[in-house]
Amino acid sequence: MNGESQIYGELLPVGGGDPIPLLKTTLVVGRRESVDIVLRFPNVSGQHCELSLVDGYWTIKDLRSSNGTKVNGVRVSEQRLQPGDKLSIAKHSYEISYDPSKLGAIPVADEKSTSEAIFGRSLLESAGLEHRRSAGAPSGRPPRPGT
């Protein structure tokens, strides 16, 4: 062995700087020296967020930080990351770079069919309180008994 670790991806500082290699499948990011990725900025919490590799995709989870974690400009508590997503840890921005196909990712096609199955129905139908009407049924209320 040559002592090199596997790199699971990188955080690329937006605006320049050295890439930060993602060397483990779970990494805590923060200001404390005891975390995996140390960001020495006063507005970064001691343990700010956690990056985890799940099913071939990186996920970010905010660890109740003071100044928040954003993905593509939107504050999140937990979110799956796509390659090229922009992370903001406090006010410090990074682009995540990795290849899901090399990390055992599950194809996203299955996700789309699941969301279509969920969002293609009304809430009442999804809850089992209403059934999809047949093509010949009138819209509106169901017919009253005896009509």
inquiry  = Is the shortest side-chain heavy-atom distance between Lys102 and Tyr8 below 4.5 Å?
reply    = no
query = Between Leu63 and Ser45, is any pair of side-chain heavy atoms under 4.5 Å apart?
reply = no
inquiry  = Is the shortest side-chain heavy-atom distance between Ile7 and Leu22 below 4.5 Å?
reply    = no
inquiry  = When you compare the side chains of Ser65 and Asn67, does any donor N or O come within less than 3.5 Å of an acceptor on the partner?
reply    = no
From Leu87 atom CG to Gln79 atom CD, the distance as rounded to the nearest 0.5 Å = 9.5 Å
note = side chain to side chain contact (heavy atoms under 4.5 Å, CB included) with Tyr94: of Asp85, Leu39, Leu12, Ile37, only one passes, and it is Leu39
Minimum heavy-atom distance between Ala90 and Val44, given as atom pair plus value = CB-CG2, 4.1 Å
request  = Hey, could you give me the CZ/OG1 distance between Arg64 and Thr69, rounded to the nearest 0.5 Å?
outcome  = 13.0 Å
task = Tell me, with the steps shown, if Thr26 and Leu53 meet side-chain contact (heavy atoms from CB on, under 4.5 Å).
result = CA-CA 6 Å; Thr26 301; Leu53 191 58; over 6 Å; no
query = Does Lys70 reach the side chain of Arg75, with side-chain heavy atoms less than 4.5 Å apart?
reply = yes
message = Out of the candidates His92, His48, Arg31, only one should pair with Asn43 under the side chain to side chain donor-acceptor pair (under 3.5 Å) rule; please name it.
response = His92
key: Side chain to side chain, Thr59 and Leu81, heavy atoms closer than 4.5 Å   = no
ask   = Which heavy-atom pair separates Gly84 from Glu95 by the least distance, and what is that distance?
value = O-CG, 3.6 Å
key: Interatomic spacing from CG in Asp36 to CG in Leu27 - rounded to 0.5 Å   = 5.0 Å
request  = Kindly give the heavy-atom pair with the smallest separation between Cys49 and Ile60, and that separation in Å.
outcome  = SG-CD1, 3.9 Å
key: CG on Leu51 to NZ on Lys61, rounded to 0.5 Å   = 12.5 Å
query = Any side-chain heavy atom of Phe41 within less than 4.5 Å of one from Ile89?
reply = no
